[in-house]
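The next block holds one structure in the form of structure tokens; read it before the comments.
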2 protein chains.
Amino acid sequence: MKKVKRPPRGTRRRDVPLTEARICAAALRLIDADGVEALTMRKLATALDANPMSLYHHVPNRDALLRGAVRMVGAQFRTVTLEDAPWQERIRLLATDFRTLAHRHPNLMAYSFSQPDFIQPEDPFWAALIATLDVPGVPRSEIRQVAALMCAVVIGVLIAELNGSLHQWSSLDPTAPAAGEDGPPDAGPDEERMFRLVLDTIITGLESRLTADDDGQGADRDGAPEADPWSGEPVFVPRQQSVSSSRWPDPV
Amino acid sequence: MKKVKRPPRGTRRRDVPLTEARICAAALRLIDADGVEALTMRKLATALDANPMSLYHHVPNRDALLRGAVRMVGAQFRTVTLEDAPWQERIRLLATDFRTLAHRHPNLMAYSFSQPDFIQPEDPFWAALIATLDVPGVPRSEIRQVAALMCAVVIGVLIAELNGSLHQWSSLDPTAPAAGEDGPPDAGPDEERMFRLVLDTIITGLESRLTADDDGQGADRDGAPEADPWSGEPVFVPRQQSVSSSRWPDPV
DNA sequence: ACCTGAACACCGTTCAAGT
DNA sequence: ACCTGAACACCGTTCAAGT
């Protein structure tokens with residue numbers, strides 16, 4: 001009579017005890033398979049061959065579970081520093097590493113990109129990015145903002161790539177409406193080329209901004225922020241702050 | 001006895017009939033107030049003073065309701081073309097218009113950014129972006145990919161701004177861990193400055209890429225993609241495709 | 001045609017009770 | 001200490017029945 005509680009299934013998992021790491025790993029598997037929104041405490045429990053309520057003894061709630069999965073994936077990001085390469089190549093390497101990680105767990109990464117706090121100050125990725133931007137002489141007062149913007153840019157491209165927008169927009173011809181499926185059908189091989197194109201454009205823009213500032217490489221670092229052209233007004237932008245507040249009257 | 005079905009509440013809403021536009025507008029109000037995940041068919045119904053099941057006669061399901069709200073916001077994007085301005089300024093105007101719209105409905109926009117299909121070929125925004133990139137001579141064969149990448153970049157920065165990552169990363173000092181709240185407390189006034197910095201960097205990168213190509217302005221448009229430097233390999237990137245497949249052995 | 005109540009199949013989470 | 005069944009307060013959605 002008691003034996004019916006553990007029927008002889010094909011794969012037995014419950015001889016190993018329930019830990020937070022095992023729970024998060026199983027959650028990551030479910031997310032990789034079916035997406036974040038398909039992760040359910042009850043489904044996760046049956047995947048672990050456990051009672052749904054047992055999970056709450058190791059994980060406070062579903063949000064913490066998701067954070068644990070994100071943390072588990074982020075721990076896989078171990079950047080080789082490659083200190084002898086030029087800074088442009090080091091930035092490229094950091095970005096492509098990021099992209100590889102995003103391709104490994106696209107469902108989880110697409111979710112975590114929209115969450116705050118998924119890059120922490122002690123992440124080796126962040127430290128490597130800061131160190132790399134310090135090489136060509138980005139002013140110390142601006143270096144964190146430049147690093148933040150590079151993260152935002154890379155994440156934006158990765159989001160658009162992961163959810164298919166990049167491919168869809170690239171084949172969005174306003175003049176010729178129906179081109180058929182002439183190009184590659186689904187997983188375009190030129191997403192990587194486009195990713196490199198953004199990186200190159202950003203790096204080129206950084207370079208020209210840096211050379212415009214270049215009077216003595218190591219001198220005047222950490223100076224007053226108002227002194228260097230990084231903090232000045234951009235060349236082309238007019239003062240248009242009042243233009244955008246009077247547009248689009250909300251009809252709701 | 002029948003009168004108890006419609007008690008004299010303070011504001012009467014149900015004399016006007018239930019339409020899809022009214023439902024989507026109410027959904028947008030709820031999303032603006034409490035976020036996408038707080039939008040519920042039942043709560044929406046009570047906000048409209050209607051029966052929850054009545055909504056299904058005008059909207060097929062919750063996803064379609066969200067799409068309707070996104071479409072309703074996207075219809076507010078009417079770009080002034082400003083054809084006499086230089087292309088750099090036109091791009092800046094498009095991007096800041098996009099940003100203004102995102103600030104108007106941050107909850108909905110943060111959600112829609114992660115959805116595919118939220119930019120359509122017939123959107124005036126897309127047509128204006130394509131037309132603007134055509135001015136300085138971006139090759140026709142690459143113009144859609146460049147436009148797609150600019151959208152992805154702007155969206156990435158907006159996502160990071162809306163969920164607070166941009167501000168958090170900017171105050172993420174790996175050397176001095178605890179700086180206290182010295183800067184502005186919450187809604188940083190320099191998010192706009194950072195937004196302009198990305199735009200300027202991208203535009204500068206585009207400019208230098210374009211002038212490197214500049215031998216005759218109108219000549220050789222629409223040519224073979226392999227002929228121009230846009231499709232060639234980037235200068236700095238080494239062929240490192242095999243490097244990324246052997247990193248991060250997945251411990252799961 | 002439009003609306004509605006009841007019901008179904010799910011959720012996350014709490015809690016008292018077991019060992 | 002760890003686990004568990006029952007229960008609570010929600011969801012989206014279906015469906016037969018009303019007007």
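Order of the sequence lines fixes the chain letters, A, B, ..., with proteins taken first and strands second; residue numbering starts at 1 for each chain.
For C151(A) against F125(A), the heavy-atom pair with the smallest separation is SG-CE2, 3.7 Å. Between P116(A) and S165(B) the shortest heavy-atom distance is CA-OG, 3.8 Å.
Here dC2(C) presents its P atom at 11 Å from CG of L18(B), a figure rounded to the nearest Å. Rounded to whole angstrom, the span from the CG atom of N61(B) across to the P atom of dC15(D) amounts to 14 Å. The interatomic distance linking E20(B) (CD) with dA1(C) (P) rounds to 18 Å, in whole Å. Atom pair R42(A):CZ and dC8(D):P shows a separation of 14 Å (rounding to whole Å applied). Look at CE on M41(A): it is 17 Å from C1' on dC11(D), rounded to the nearest Å. We find that CZ of R22(B) is positioned 15 Å from C1' of dC3(C), with the value rounded to whole Å.
S171(A) places a side-chain N or O within 3.5 Å of a backbone atom of H167(A) that can act as its donor or acceptor partner. Checking side-chain atoms of H105(A) against main-chain N and O of D32(A) turns up no donor-acceptor pair under 3.5 Å. A side-chain donor-acceptor contact under 3.5 Å links N51(B) to the backbone of M53(B).
Considering only side-chain N and O atoms, T40(A) lies nowhere under 4.0 angstrom from the phosphate OP1 or OP2 of dC10(C). Checking the phosphate oxygens (OP1, OP2) of dC3(D), a side-chain nitrogen or oxygen of H58(A) falls inside 4.0 Å.
Two residues are said to be in side-chain contact when any heavy atoms from C-beta on lie closer than 4.5 Å; Q120(A) and W126(A) fail this criterion. At least one side-chain heavy atom of R196(A) sits under 4.5 Å from a side-chain heavy atom of E192(A).
L55(B) comes within 4.0 angstrom of no nucleic acid atom, judged by non-hydrogen atoms across all strands. M53(A) comes within 4.0 angstrom of a base, heavy atoms only. Contacts of L44(A) with the nucleic acid, taken as non-hydrogen atoms under 4.0 Å apart, are absent.
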DNA chain D in dot-bracket, Watson-Crick or G-U pairs under 3.5 Å, [ ] crossing, | other strand? ||.|||||...|||||.||

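With the nearest nucleotide of DNA chain D identified for both R62(B) and H57(B), R62(B) has the one nearer the 5' end.
Checking dG5(C), dA7(C), dC3(C) against every side-chain atom of N51(B), the shortest atom distance belongs to dG5(C).
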